[in-house]
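Notes to accompany the following structure.
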2 protein chains.
Amino acid sequence: MKTRSNIKDIARLAGVHPSTVSRVLNPATRSMVSEALAVEVLRIADELGYRRNPLASGLRTRKTFTVGIIIPDLTNPVFPPIVRSAEQTLDGAGYIAILADSGSRERSEREIIENMRARDVDGLILATAMRRDPVVDTCIEQGIPIVLVNRTVSRHHVPAVVNDDELGIELALKHLVELGHEHIAYIGGPQSTSTGYGRYHALLENAEKLGLELDNELLINAPAFSETAGAETLNGLLDSGKAFTAVLTANDLLALGCYDALRARGLSCPEDISITGFNDMPYVDRMDPPLTTLHIPHDALGVKAAQLLLARIENPNAPIEELRLAPELIVRGSTARPTIAS
Amino acid sequence: MKTRSNIKDIARLAGVHPSTVSRVLNPATRSMVSEALAVEVLRIADELGYRRNPLASGLRTRKTFTVGIIIPDLTNPVFPPIVRSAEQTLDGAGYIAILADSGSRERSEREIIENMRARDVDGLILATAMRRDPVVDTCIEQGIPIVLVNRTVSRHHVPAVVNDDELGIELALKHLVELGHEHIAYIGGPQSTSTGYGRYHALLENAEKLGLELDNELLINAPAFSETAGAETLNGLLDSGKAFTAVLTANDLLALGCYDALRARGLSCPEDISITGFNDMPYVDRMDPPLTTLHIPHDALGVKAAQLLLARIENPNAPIEELRLAPELIVRGSTARPTIAS
DNA sequence: TGACACAATGCAATCGTTTGCATACCCTAC
DNA sequence: GTAGGGTATGCAAACGATTGCATTGTGTCA
């Protein structure tokens, strides 16, 4: 089994110095060497099936064509499309993606990033940001190009691709109001995340704008964006005895948790209670009932995040962009007019 | 911004040669250097927050603590749990995972693997194997440690962790028969994959074992494991005019496609036709109707695959294991007794 | 014809780490 | 007192590529 050929092999066959081969192989320096020789070197390289060793050149140049992608939980269906489209975009630019799932692991995110940094990644895509996030701070301090996706931070001005939460919440709220709901509950997410925080405040603002009076006790921010958190929160609301005919949730998983809580009590959706989600995760259109939710452009999130990162890698002083993509309300079977009985 | 410290920095501070530091930092060679010095060097290393540069050491040793994971489509819900658990297991052993989604991309899988090889990955986890797969052949020839997951190849004896398809199909078929179905259709997958091939043959064998007469024209292998392929195939079957009361599918996505075809024709499941899936993808328990399917241990698949790979990386001559994990029938709402009318 | 510019290539150091070999030292044994 | 055998460390060459600088050669122009 012959080992992979390297720049020296080519140099020997071409009768030139390895540095010349290097110059030929590098588009930026190709013009330094005579046309005829360049062609010959390329021919030999091709013949040998030469491939540059990114470890070696990365060691010298500090550029590895590697990007780290860190997500909180790959089994949350929002993330696969994002990761996939980001990876694809990176691949198209000659980069590879190191994936790390930071969730449910003893080792901290900081440790993951340190590891990636040790490997000289050219940049990071983070889907894990907290509103105040020391890890993000560190990256910025150390000048590691990063792009946040889905969530962002509140302190710095950081490149990010996020959803327009205000618009999303507005659409959902208007939808419920238009259906005739007057007593609307809200199940939000952790206030430590920009999505949890932003959607909650968007709700308050939009309610005011619509002249809608919301009962503060029906507005709960769940401790996690998960099914169990959604179920438990709705259970609490139902136990409170307060009347409401709809629940606006800040996330599809919370909404699915609500399905569970309702089912457990023999209540049905949307007959007894309407529910809206946020994200339009894959397959929620097939659920029982199909979920009315806010569609976010998953693929675009990943593509844009990758593009933004590539731009900043190529030019660290590129302007810091924050892209805010518009969600779209998808009305399905989980919302309906309130029944008169309620 | 001070750059990361390296072995030379430590050597200077400790007043020793870099090679000595290297020996201290490497567990395998630690014993070569005097206890006192070792302690001192470690102290300094710790103080500087030293981290070994895997690129540099990998260049020298050909060991990068990097593993490539290649899957056909991350948005197929079977894969995220596998990828996640594999990544987690690798991380625990100090490895990182490079993820590549080979689907829907112009560049071939071969190209992806070449790229990973150029980066000196220590091994590969492939979820993309075809039954006769030249890419796998190449890896074996070149001595790159690989482990196949979910699918395997027919030619070589390759480390793999797959499902027990025979058992799975047996359970599904028995279930339908016990419910009283006599006219059962089968929608399988591409015969170029071990799962498509294996499940089809498992069906034939189990039918024979049960003394069940299957109508050959009701046994179709779809060209892909996808919802559209499932829908189109079922449409074909329904158009044929042949009578059947149940469809056994080789994959959840095919089953979901069947849902679509039925719905489009105003037929309902399970009243008109029972349907079984295979894989128990996340959330199929929430669909309408909840899918009766074969649960496969997604997490275990990923963990085992990673473990198998690590074992082979550490010892390339380790015995070639093929793990065959047992699926479990999960009966939900998509199967029922056939109605007398049919 | 000589000076000079410029183009094309070679040389050697470098990135951070590892490792076979050489060396220096100490101890023991004869 | 010296040979022999460890033990602990240093030295220097790798790994595969890049790049500032030196060198060679060629042509141009006065």
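Residue numbers begin at 1 in each chain, while the letters A, B, ... track the order of the sequences.
- Judged purely by atom type and a 3.5 angstrom limit, Asp9(A) uses its side chain to pair as donor or acceptor with the backbone of Asn6(A).
- Judged purely by atom type and a 3.5 angstrom limit, Ser22(A) has no side-chain atom pairing as donor or acceptor with the backbone of Pro18(A).
- Going from atom CG of Asp120(B) over to atom C1' of dT17(C) covers 15 Å, rounded to whole Å.
- Looking only at distances, a side-chain donor or acceptor of Ser85(B) sits under 3.5 Å from a matching main-chain atom of Pro81(B).
- Using a 4.5 Å heavy-atom threshold, the side chains of Thr152(B) and Glu322(B) count as touching.
- Regarding Ile7(B), its CD1 atom lies at a distance of 11 Å from the P atom of dT19(C), rounded to whole Å.
- Tested against Val41(A) for a side chain to side chain contact (heavy atoms under 4.5 Å, CB included), the candidates Val33(A), Leu13(A), Asp46(A), Val24(A) yield a single pass: Val24(A).
- The nucleotide range of DNA chain D contacted by chain B, defined by atoms under 4.0 angstrom from heavy atoms of the protein and reported 5' to 3', is dA8(D) to dG16(D).
- Rounded to whole angstrom, the span from the OH atom of Tyr50(B) across to the P atom of dG16(C) amounts to 10 Å.
- Going from atom CG of Asn53(A) over to atom P of dT17(C) covers 17 Å, rounded to whole Å.
- Within residues 15-32 of chain A, the residues approaching DNA chain D are Ser19(A), Ser22(A), Arg23(A), by heavy-atom distance under 4.0 Å.
- The number of heavy-atom neighbours closer than 6.0 Å to CZ of Arg132(B), taken from other residues, nucleotides and ligands shown, is 12 or below.
- By the side chain to side chain donor-acceptor pair (under 3.5 Å) test, Glu321(B) is found to be paired with no residue, residues two or more places apart in sequence or in another chain being considered.
- Contact annotation for Leu55(A): no contact, since no heavy-atom pair falls under 4.0 Å across all strands.
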Give me the distances for all protein-to-nucleotides 25-27 of chain C N/O pairs that come in under 3.5 Å?
none

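- Annotation: side chain of Arg84(B) is not in contact with side chain of Phe79(A) (no heavy-atom distance under 4.5 Å).
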- Message: Quick one, Ser102(A) with Glu109(A), criterion side chain to side chain donor-acceptor pair (under 3.5 Å). Give me CA distance, side-chain angles, the key distance, then yes/no.
- Response: CA-CA 6 Å; Ser102(A) 71; Glu109(A) 193 188 337; 5.1 Å; no

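- OP1 or OP2 of dG16(C) has not a single side-chain nitrogen or oxygen of Arg60(A) nearer than 4.0 Å.
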Check: residues 297-307 of chain A side-chain donor-acceptor pairs under 3.5 Å, at least two apart:
| residue | atom | partner | partner atom | Å |
| --- | --- | --- | --- | --- |
| His298(A) | ND1 | Ile296(A) | O | 3.3 |
| His298(A) | NE2 | Asn279(A) | O | 3.0 |

- Message: Set out, in order, the CA-CA distance, both residues' side-chain angles and the distance that settles salt bridge (charged side-chain N to carboxylate O under 4.0 Å, His left out) for Arg110(B) and Glu114(B), then state yes or no.
- Response: CA-CA 6 Å; Arg110(B) 158 150 267 123; Glu114(B) 263 309 308; 5.9 Å; no

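- When side chains are defined from C-beta on, Ile320(A) does not count as touching Val158(A), because their heavy atoms never get closer than 4.5 Å.
- Considering only heavy atoms from C-beta on, Lys63(B) comes within 4.5 Å of Asp122(B) through its side chain.
- Nucleotide dA8(C) holds its P atom 17 Å from the CD atom of Glu40(A), rounded to whole Å.
- Side-chain N/O atoms of Arg51(B) include none lying less than 4.0 angstrom from OP1 or OP2 on dG16(C).
- Each end of the helix from dT1(C)-dA30(D) to dC30(C)-dG1(D) gets its own rotation axis from five pairs of C1' atoms, and the angle between them is 70° to the nearest 10 degrees.
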